[in-house]
Amino acid sequence: MSTRLATGGRFTDRGKQIGFTFNGRRFTGFQGDTLASALLAGDQLLVGRSFKYHRPRGIVASGAEEPNALVGLGQGARFEPDQRATTTELFDGLVAESQNHWPSLAFDVGEINAKLARFLPAGFYYKTFLWPRAFWKHLYEPVIRRSAGLGKAPHPEVRDADRYEHFHVHTEVLVVGGGIAGLQAARNAARAGAQVLLIEETAHWGGRTPVDGGRIDGREPEAWVAETVAELEAMDNVRLRLRCMGAGVYDHGYVLGYERLTDHKPGAPGPRHRLWRIRARQVVTATGAIERPLSFAGNDVPGVMLASAMRDYVVNYGVAPGDRTVVVTNNDDAYRTAILLKKSGLDVPAILDARPMGGGALMQEARDLGIRVEPARGISKVLGGARVTGVAICDQAGGGSMLEEIACDAVAMSGGWSPVVHLWSHCGGKLTWDADGAFFRPDPSRAPTGADGKPFLIAAGSANGHLGLQEALACADGAGKAAVEALGRGFEESPVPRAETTEEAPLLPVWLMPQGARADLRMKAFLDYQNDVKVSDIQLAAREGYESVEHAKRYTTLGMATDQGKLSNINGLAILSDALGAPIPQTGTTTFRPPYTPISFGAIAGEARDAVFQPLRRTPMQDWHEASNAAWEIVGQWRRPYCYPRPGESRRAAVNREITATRESLGLLDASTLGKILVKGPDAGRFLDMMYTNMMSTLPVGKCRYGLMCNENGFLMDDGVVVRLSEDSWLCHTTSGGADHVHAHMEDWLQCEWWDWKVYTANLTEQYAQIAVVGPNARKLLEKLGGMDVSKEALPFMTWAEGTLADTPARVYRISFSGELSYEIAVPANRGRAFWGKLLDAGAEWNITPYGTEALHVMRAEKGFIMIGDESDGTVIPQDLGLHWAISKKKEDFLGKRAQQRPDMARGDRWQLVGLETLDGSVLPDGAYAIAPGKNANGQRNTQGRVTSTYYSPTLGKGIAMGLVIHGPDRMGEVISFTAEAQDETRDELTTVEAKIVSPVFFDPKGEKQDV
Amino acid sequence: MLILHCPCCGIDAAEIELAPGGEAHLKREGPGSSDAALETYLFTRDNPRGVVLERWRHAYGCGKWFLAARDSVTQEVYGTYAAQTHAPPQEIVDRITARHPGWTGAH
Ligand SMILES: [Zn+2]
């Protein structure tokens, strides 16, 4: 069984007991344990179910590469799925749940998937797409959804209880990884006076050398590590951070660090995670190497573990994952595990070494301890289901015929090591195949380069393929010095620390065990534990023609789970290259992407939540809207009143009330959000003639003109009223959401195309409060305020005047977006709130009614005025909307003019704007499609139009809509059918609503009300 | 995340301050142009592996547009220069051809 040893544990404090629960059962661990080590100490081998077949799975690794032991951690506002037990530090009261099981971990219905394994081959998802649709909808999807998937997402209504932050930092040298290589590289850079930041993902310095043994400069590795860390800590130019992972490397030396501050003490003050946004001139990646599993049948049975991980549990936590452990290997390093177990008083019944002649000095040491060593042997299959009960051994050279059964409760496997090249690869660093080590390692001649075209990243130690202690130290020593040199600094010559370690015999690449494993064995030999990809899946993909490694990856999902194939990548690649009959380097490798391991969404968001998620723009009257119980509509970064419901009044009723009051007497709208861009200069008129489809240069001073703005593709982009302020200046009103974009658009053309034109632009949007005074009594109100002649004669429709209203300096525009008598009044922003109050006070006798954006929308729709974003969507040209009158025929050129002459824009069957009225007076569903006879090539119903705006009109007492319909303007009076929401969703039938094509101007078609 | 020097205000700006504007030195095709010329202007982009001449706006800085000569593979920046030009200045061309002998421009 898996148990706590009587002594040992570098990281654990046996004086401090820690209580936690797993699937509701109480466990006890020690301070310094990980969740994984504490579960193993409690003989909890089974920690989860696999993704596809729901096979029982146990802990395989001891660090970030762990594929199986993913748990749901915490509860309520601190619940988080898919947390690796191996990187979760234990704390008192920890609550963990296993995943992928239903109804329980021990008894799982989904395990039936394993029995159906032959029906779930590589490419299953793609293949089933080809089958009848009904099969997918009614059979596959429900079954897959029920039984597959990783952890559950937190409840959408629950708010994360923790705080997160971003931290921006510049450094000369960043060293990622605090093992002996990272420490040595950092020390050399620091001694040369460089600013150094050293980050380490775990809670401990030193990496795995203190576990693996040897001596550095005559001392135990642990002593050397402590000494080096002390030296670095004492230097002012060095910053060190534990629990801080190098998550990703990006262009020009940008690196993300992911620091976990309080994961091991939830609720402690301060942020939980901190995202380090680092700019480094030189980056040293000393990220170590990861041991590879061997591919034999049953290599996923709980109790089968990486040999190095087993050493970690014994040395670091004083935990033995088994009493009787069979070691299986293709290299010398795994012998260290056997020797350690034996010396810890545990049984090692056999070492199976796939190499024909076995290993070197370490093999001899094992034999001297009395351990049976079997060269040229491997595992045919692992015996046991929920945990290992034994292994069947065989000749590595054969097909898997069993020679002998050996009883055991654990298997330690080692297929060699792969350097952690992820960070090197993130930003374009290339790899080279190392045939001796059978791994890909960084190719220093093709390193990621910075803005100066020179490499900014150096791999060090085992991350660079130097697995031996002396080689790793020498490599790291050189990396630190190279980083300093790249900065243009000098350094003093210093000797490389001297390592003593046992010499190792060469490794033999073993990609399948046994070499000629029978089909039934290959179907149980797992490559990717997390996505349940087996040797047989990769071989099938190769047979089906997926020869590119990137295609085979996606077809089989190898390496596509949250561990990104840290254990499976090379093994899968080797199987693929064998199946293709091509060498591994030619088969190539897939690309590693950031982050190295998943990072929290909270860390990515940082402080950007709630009020600081994005800036909130407020109009001068915002406090009045808030005090008046406005319902809000989000418009860009503005929040505009949607309507002002009275106590007990529904929104719908409020909107209707606001419209009726405005049409019958007097309404008031805060229009301050409208974009206001001043365009000034000798060439301003010429410039605006290019910006707008209609002629603006000829607009007389004192007049207003509605204008359309298109992009170079000819599509409608924005609209608004342009005002001629003076001989050389125009004020362009834009949509509320469009001001910044339109201003940027103007500047683009001025700076990059017509840079010799003399024009200035200024975005004055926030300099003015703008208020629309609307309705039959609007003029009476302004006359009552006094100060300006606002009569029809003095201020006709589509003109403007400047003056003083109620002692407030004002520009008054006679423009209307409602069809009513209407004045839009701009006053200095700091006078806006007071002026709004004066209007309300003076307008009381006419029941003045502030209205919101919905009333605005309904009233414009009653008048058939288009709205950017409703009638336009980036594929609509003004001609589609019947706006030919606003497109100049005289101008030689304007933005979009040439594009509007393209055949597709000029064809006769484009969908065009019409009004729509349902026969029963109901409101058409927004976005509904008009159906046409017949079906298209995909078997879908043909369409002939769609609804772009649809409202209930209180003025007309019925539903009104606008839409785009093929040949629409020629089909007045015709009744067509629109799709409606299905009454009964389980029935796959289309229900329709009949609507008549009418003029889009529903109200006051002659425009008499606005021109009085 | 790139760092580009804004020639308008002199700041070395990180990419979060910048808005990309696509290929530089496009020739605008207006009324009277052929369909083929219009198509090239609107849609046909080189998108090379290697040297790109591209538009950037210092959107969260001085607001000005500038042009950059960059290598899309190595991320080397050969230089940034004024938007009010029809071709990169000679010193940038020299830096490009030092790395890419025979380079004759994006088009
Ligand atoms: Zn700038």
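Every chain is numbered from 1 and lettered A, B, ... according to where its sequence line falls, protein lines coming before strand lines.
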Would you say that more than 12 heavy atoms from the other residues, nucleotides or ligands in this model lie under 6.0 Å from the [atom1] of [X], or not?
{"X": "A/F167", "atom1": "CZ", "result": "yes"}
{"X": "A/R907", "atom1": "CZ", "result": "yes"}
{"X": "A/K890", "atom1": "NZ", "result": "no"}
{"X": "A/K891", "atom1": "NZ", "result": "yes"}
{"X": "B/Q90", "atom1": "CD", "result": "yes"}

At a heavy-atom separation under 4.5 Å, does [X] approach chain A through its side chain, its backbone, both, or neither?
{"X": "B/E29", "value": "backbone"}
{"X": "B/L2", "value": "both"}
{"X": "B/Y41", "value": "side chain"}
{"X": "B/Y78", "value": "neither"}
{"X": "B/R99", "value": "side chain"}
{"X": "B/R55", "value": "side chain"}

So which atom in [X] and which in [Y] form the shortest heavy-atom distance, rounded to 0.1 Å?
{"X": "B/A83", "Y": "A/W755", "answer": "O-CZ3, 3.8 Å"}
{"X": "B/R57", "Y": "A/A744", "answer": "NH1-CB, 3.6 Å"}
{"X": "B/P31", "Y": "A/K897", "answer": "CG-CD, 3.8 Å"}
{"X": "B/A14", "Y": "A/R279", "answer": "CB-NH2, 3.9 Å"}
{"X": "B/L38", "Y": "A/A899", "answer": "CD2-CA, 4.1 Å"}

Hey, mind stepping through B/L26 and A/E712 against side-chain contact (heavy atoms from CB on, under 4.5 Å) and telling me if it holds? CA-CA 13 Å; B/L26 295 179; A/E712 272 287 66; over 6 Å; no

Name the member of B/L4, B/D35, B/D71 that forms the most heavy-atom pairs with chain A at distances under 4.5 Å.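 The residue among B/L4, B/D35, B/D71 with the greatest pair count is B/D35.
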
If you count heavy-atom pairs within less than 4.5 Å of chain A, which of B/A59, B/G30, B/A19 leads?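 Among B/A59, B/G30, B/A19, the one with the most close pairs to chain A is B/G30.
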
So which part of [X] gets closer than 4.5 Å to some heavy atom of chain B, the side chain, the backbone, both or neither?
{"X": "A/Q900", "result": "neither"}
{"X": "A/R446", "result": "neither"}
{"X": "A/D748", "result": "both"}
{"X": "A/P448", "result": "neither"}

Do B/E15 and A/Y254 meet the criterion of a side-chain donor-acceptor pair at a distance under 3.5 Å?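 Their side chains do not contain a donor-acceptor pair, so the 3.5 Å distance test is not met.
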
Between [X] and [Y], is there a donor-acceptor pair closer than 3.5 Å when you use the side chain of the first and the backbone of the second?
{"X": "B/Q84", "Y": "A/Q751", "answer": "yes"}
{"X": "A/T449", "Y": "B/T74", "answer": "yes"}
{"X": "B/Q75", "Y": "A/D251", "answer": "no"}

Rounded to the nearest 0.5 Å, what's the gap from SG on A/C427 to CE on B/M1? Could you check?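 Between A/C427 SG and B/M1 CE, I get 12.0 Å after rounding to 0.5 Å.
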
Does the pair B/R28/A/D893 count as a salt bridge with the N-to-O cut at 4.0 Å?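 Salt bridge flag = yes for A/D893 with B/R28.
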
Can you list the steps and then say if A/N713 with B/F43 is a side-chain contact (heavy atoms from CB on, under 4.5 Å)? CA-CA 10 Å; A/N713 278 301; B/F43 305 118; 3.4 Å; yes

Top residue by heavy-atom pair count (under 4.5 Å) with chain B, among A/Q901, A/E747, A/R902?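 Most pairs with chain B among the choices: A/R902.
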
